Each structure stands twice: as C-alpha cells, then as structure tokens.
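First the structure, in the form of structure tokens, and then the observations on it.
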Amino acid sequence: MAITVEKLIDLLNRDLELEYSAAIQYINHAAVMTGAAYGDIIKELKIHTNEEIGHAMVLADQIDFLGGSPSVNVGKIMTSKDNNEMLEQDLAGEEDAIKRYKIRIEQAEELKEFALAQPLRTILAVEQEHAMDLKQALGK
Ligand SMILES: [Fe+2]
Ligand SMILES: [Fe+2]
C-alpha cells in the first residue's frame, strides 16, 4: 500500500503521542528510582526527558507544516516499583521508537518530504543513544 501525506500525518501523530508519554515516563522513573548505583542513569533519564520533549516539538511543527493537526493525546505510560523493570520499560519504548522512525524516514523519502526526513534522522540517532544508555545501565 502506497503511503500518502494523510497517512503519514496520522503516523506522525502516533509518534508525537509516544514522545509525550516517553517524557512523562522518564520524569516518573527518574523521580522514583532509588539507590546510589543508579545515580548516573537517573541523571541520564532526566536528559532523555528534555530530548523527548524536543522531539515532540519537532514532530508537532512538522505535522502542522504538512497540513495536519498535532495531537494532544498521550500514549501509554509504564512504571514499576523495581528499578531494572523501569529501565526495561524505557528500553522497550526506545526500541519501538527506533523501529518506527526507521520506517517513518523511508515513508518521508517515498513522498519526497526530504525536509521531514532530515529531522527524523536526527531523532532516530538520539533514540539510538537513549537505547545505548539504557542497555549500559542494564549491563546488556
Ligand atoms: Fe524521542
Ligand atoms: Fe528516546
């Protein structure tokens, strides 16, 4: 099935909702995570929070530019009482984001929306860094 601008706007809106939920999830996890061994990753989670908000701003601008209405809905948020389980939840979210943005870049290029593909590549690179930080903290 060929991609259309309308379909791409819908998909970018789902991505936007998941950026909002990722930011909220990171705020929650950074706040409730405890233990001296987790000090470094807690700092990283706070940095991730701000980067996810930045991604949301980029996506909202791009959706508006394409003629869509940026969503104000928030995706699913996961939390836990266990530090490692929270990090696993965050990693699952990042791995999902990496998969989605790889597809989204291809779709943007298929529509010759190169000015959209470029910021999506930047977002993808940041999500890969987030996944690496989480894997390192999990000893993976
Ligand atoms: Fe993000
Ligand atoms: Fe991320």
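Start at 1 and go down the list; that is how both ligands and their atoms are numbered. In this text, all values refer to a predicted model and were calculated from it rather than measured experimentally.
- A distance of 7.0 Å separates OG1 of Thr79 from CD of Gln25, quoted to the nearest 0.5 Å.
- When the shell of 6.0 Å around CG of Asp40 is examined, it contains 12 or fewer heavy atoms from other residues, nucleotides or ligands.
- Note on the Fe ion (ligand 2): protein N, O or S atoms under 2.8 Å away count 5, no waters included.
- Remark: Ile123 CD1 to Arg104 CZ distance equals 11.0 Å, nearest 0.5 Å.
- When distances from the Fe ion (ligand 1) to the N, O or S atoms of Glu19 are compared, OE1 comes out shortest.
- Counting heavy atoms from C-beta on, the side chains of Met33 and Leu87 come closer than 4.5 Å.
- Within the 3.5 Å criterion, the main-chain N or O of Ile98 finds no donor-acceptor partner in the side chain of Glu127.
- Note that the CD atom of Gln128 and the CD atom of Glu94 stand 10.5 Å from one another [nearest 0.5 Å].
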